[in-house]
Amino acid sequence: MSAPAPSPLAIVDAEPLPRQDEVLTDAALAFVAELHRRFTPRRDELLARRTERRAEIARTSTLDFLPETQAIRVDDTWKVAPAPAALDDRRVEITGPTDRKMTINALNSGARVWLADFEDASAPTWENVVTGQLNLIDAYTRNIDFTDPRSGKAYALKPAEELATVVTRPRGWHLDERHLQLDGTPVPGALVDFGLYFFHNAQRLIDLGKGPYFYLPKTESHLEARLWNDVFVFAQDYVGIPQGTVRATVLIETITAAYEMEEILYELRDHASGLNAGRWDYLFSIVKNFRDGGSKFVLPDRNLVTMTAPFMRAYTELLVRTCHKRGAHAIGGMAAFIPSRRDPEVNKVAFEKVKADKDREANDGFDGSWVAHPDLVPIAMASFDAVLGDKPNQKDRLRDDVSVAAGDLIAVDTLDAKPSYDGLRNAVAVGIRYIEAWLRGMGAVAIFNLMEDAATAEISRSQIWQWINADVVFENGEHATADLARTVAAEELATIRAEAGEEAFAAGKWQQAHDLLLQVSLDQDYADFLTLPAYEQLR
């Protein structure tokens with residue numbers, strides 16, 4: 001008797017979308033279903049392990065490099081695979097969601113790489129998930145254009161040799177895709193985003209002289225990197241392309257991953273391309289993991305925690321040293337400024353800050369860095385050109401001068417700054433504005449001249465939570481309390497209503513965003529990710 005046919009993936013609670021059949025083919029869904037069967041049980045085990053590790057941090061208020069993997073760290077003989085030509089020069093990378101206009105603008109931006117984002121810069125509506133995949137397929141087949149309905153401006157791709165190389169970022173392991181289910185169980189969003197993109201584009205990208213390249217977000221341990229590596233090995237065999245064609249850059253944006261950088265590269269070594277130093281998610285992870293560690297772990301206003309803070313400098317210097325020791329690229333953080341079309345003075349000051357930040361990264365040994373807007377590409381490019389010249393990278397700078405102890409990475413109390421009342425107001429203002437846009441399906445949002453994504457909302461609500469639970473006293477004498485947060489949030493909502501007008505306010509999701517921000521900021525039971533309760537409200 002022949003084996004029964006595998007259960008098909010069911011598309012649940014989703015209105016049909018134009019051209020979705022080009023993405024959700026039977027063959028592509030069969031591949032995603034197979035990924036789900038093979039790897040979701042291990043994903044579930046690793047999520048449970050995160051909870052156990054967090055409980056251990058709560059007991060000890062400390063972290064250390066892993067004794068059981070010391071042999072990997074002291075073995076100087078292993079390196080990651082050499083970079084493919086398309087990823088050898090990464091001196092400027094632009095980030096953004098995969099909507100049609102952004103796809104064209106990012107590819108045309110002059111940046112070497114575009115981080116095509118299905119994660120923090122994309123609210124995972126079913127439409128965004130499917131049409132984002134479609135836009136990338138259309139870009140690779142050069143069947144993409146866009147006309148702005150308001151301005152009438154037309155957008156089209158430049159010649160192929162002028163386009164950025166795409167590195168796609170799927171969702172983190174913690175998020176499910178409720179619209180794709182197998183036997184009633186949602187498929188992890190990471191496997192949906194990776195699976196659909198890889199299945200449709202792996203061979204197509206090879207034919208274009210590139211390959212399926214990925215950014216891996218929210219990784220918390222080398223065991224999670226090992227799971228990704230096993231996914232890559234299986235996927236390459238499944239479609240019949242050579243092992244090592246996939247390349248992955250891991251975002252070191254959790255405090256636990258910062259203690260396992262070498263192990264993460266080791267697990268992915270045949271598929272590893274580099275590591276990236278984030279900021280907001282990294283700070284969010286520190287707050288989340290050390291939220292009951294007392295006053296020495298209380299962070300000041302987010303804008304006061306720069307990359308030059310001692311504990312942040314320890315993290316970035318260790319990242320560069322680790323990457324170059326193992327032959328991997330070290331990619332720096334985000335310049336999130338959005339240029340103003342009305343205020344050249346604002347731009348002048350911001351551009352100088354961006355230049356100083358990118359100069360620092362280039363001089364520290366980073367091989368590239370991120371920007372959020374095409375106007376910042378030339379600024380970042382100049383900083384790296386000045387250091388790299390004609391070299392594609394500076395992986396030959398081994399940074400043997402760097403020595404980072406375990407305690408240096410969590411020495412938050414070395415920062416000479418305190419939480420402020422204005423910081424609370426800003427966290428509330430940005431949190432409400434971002435969550436409102438996210439609930440309307442927008443994941444990348446310009447707020448107060450900065451491009452914000454989900455990491456912004458995470459650090460905002462985490463700081464409100466931390467300050468209240470640590471009984472912080474602001475410089476004006478007010479205590480951080482739940483009542484104060486509610487008062488500030490009500491005032492902010494009234495400000496937004498007055499700015500927007502009654503009709504626009506009613507058409508938005510402002511009250512819903514206000515309520516959700518307070519829920520995740522004030523609940524004693526701290527939510528691991530804001531996007532988990534938010535996803536339940538995303539329609």
Side-chain angles (χ1 to χ4, degrees), residues 17-25 27-28 31-32 84-87 89-90 92-149 153-171 192-215 235 239 241 245-249 273 370-374 377 441-444 451:
L17 296 165
R19 299 179 60 199
Q20 73 172 26
D21 292 346
E22 296 173 45
V23 175
L24 305 172
T25 64
F31 174 61
V32 173
L87 284 179
D89 187 333
R90 304 177 62 172
V92 180
E93 304 191 353
I94 192 167
T95 73
T98 53
D99 62 84
R100 212 156 180 84
K101 179 181 174 182
M102 182 68 197
T103 297
I104 298 169
N105 281 347
L107 289 170
N108 287 346
S109 66
R112 295 289 200 272
V113 165
W114 170 36
L115 186 161
D117 200 7
F118 287 93
E119 201 233 0
D120 272 3
S122 178
T125 64
W126 183 234
E127 182 178 12
N128 287 345
V129 169
V130 174
T131 60
Q133 296 281 352
L134 199 57
N135 290 336
L136 291 170
I137 292 170
D138 285 349
Y140 298 145
T141 56
R142 297 192 69 89
N143 288 316
I144 192 168
D145 55 31
F146 178 78
T147 301
D148 191 309
K153 184 178 178 182
Y155 298 82
L157 289 180
K158 292 179 177 178
E161 63 275 10
E162 297 180 38
L163 301 182
T165 293
V166 176
V167 180
T168 298
R169 181 162 70 170
R171 280 168 281 182
V192 173
D193 299 338
F194 166 81
L196 293 175
Y197 179 77
F198 179 88
F199 186 84
H200 288 298
N201 298 302
Q203 187 60 53
R204 184 178 282 131
L205 285 160
I206 293 169
D207 295 343
L208 292 170
K210 299 187 177 182
Y213 306 141
F214 297 92
Y215 260 110
V239 301
I241 61 174
T245 306
V246 169
R247 291 306 167 89
T249 306
S273 178
W370 285 4
V371 300
H373 192 279
V377 170
M442 293 174 58
M451 183 59 75

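These numbers come from the heavy atoms of this one structure, side chains and all, not from hydrogens, waters or symmetry mates.
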Original post:
What side chain to side chain donor-acceptor pair (under 3.5 Å) pairs are there with at least one residue in residues 155-167, not counting sequence neighbours?
Top reply: Thr165-Lys210
Original post:
Passes side chain to side chain contact (heavy atoms under 4.5 Å, CB included), Ile241 versus Phe198? Steps please.
Top reply: CA-CA 11 Å; Ile241 61 174; Phe198 179 88; 3.8 Å; yes
Subject >> Any residue meeting ring-ring contact (aromatic ring centres under 6.0 Å, His included) with Trp370, in chain and number order, not counting sequence neighbours >> reply: Tyr215
Subject >> Contacts of type ring-ring contact (aromatic ring centres under 6.0 Å, His included), residue Phe199, not counting sequence neighbours >> reply: Phe31
4.5 Å side-chain heavy-atom contact, [X] and [Y]:
X      : Y      : value
Thr98  : Asp117 : no
Asp193 : Glu119 : no
Gln133 : Leu24  : no
Val167 : Glu93  : no
Met451 : Thr95  : no
Asn143 : Ile137 : no

Rounded to the nearest 0.5 Å, how far apart are [atom1] of [X] and [atom2] of [Y]?
X      : Y      : atom1 : atom2 : answer
Asn201 : Tyr140 : CG    : OH    : 5.5 Å
Lys101 : Ile144 : NZ    : CD1   : 13.0 Å
Trp114 : Leu136 : CH2   : CG    : 5.0 Å
Asn108 : Leu163 : CG    : CG    : 6.0 Å
Leu107 : Ile104 : CG    : CD1   : 8.5 Å
Glu127 : Leu134 : CD    : CG    : 11.0 Å

Original post:
Can you check side chain to side chain contact (heavy atoms under 4.5 Å, CB included) on Leu87 and Val113, steps first, answer last?
Top reply: CA-CA 8 Å; Leu87 284 179; Val113 165; 4.2 Å; yes
Smallest separation among heavy atoms of [X] and [Y], with atom names:
X      : Y      : result
Ala202 : Pro212 : CB-CG, 4.1 Å
Phe194 : Pro170 : N-CB, 4.1 Å
Met102 : Gly96  : CE-CA, 3.6 Å
Arg142 : Leu157 : NH2-O, 3.4 Å
Ala139 : Thr103 : CB-CG2, 4.0 Å
Val166 : Thr168 : CG1-OG1, 3.6 Å

**OP:** Apply the test side chain to side chain contact (heavy atoms under 4.5 Å, CB included) to residues Met442 and Asp99: give CA-CA distance (whole Å), side-chain angles for both, the deciding distance (0.1 Å), then the verdict.
**Re:** CA-CA 10 Å; Met442 293 174 58; Asp99 62 84; over 6 Å; no
Original post:
Would you call Asp120 and Arg169 a salt bridge, taking side-chain N to carboxylate O under 4.0 Å as the test?
Top reply: no
Subject >> Salt-bridge contact Asp148-Lys153 (side-chain N to carboxylate O under 4.0 Å) >> reply: no
Subject >> Ring center gap for Tyr197 and Phe118 short of 6.0 angstrom >> reply: no
**OP:** Kindly say whether Pro124 contributes a backbone atom to a donor-acceptor pair with the side chain of Asn128 at under 3.5 angstrom?
**Re:** no
Original post:
Ignoring hydrogens and geometry, is there a side-chain-to-backbone donor-acceptor pair from Thr25 to Glu22 under 3.5 Å?
Top reply: no
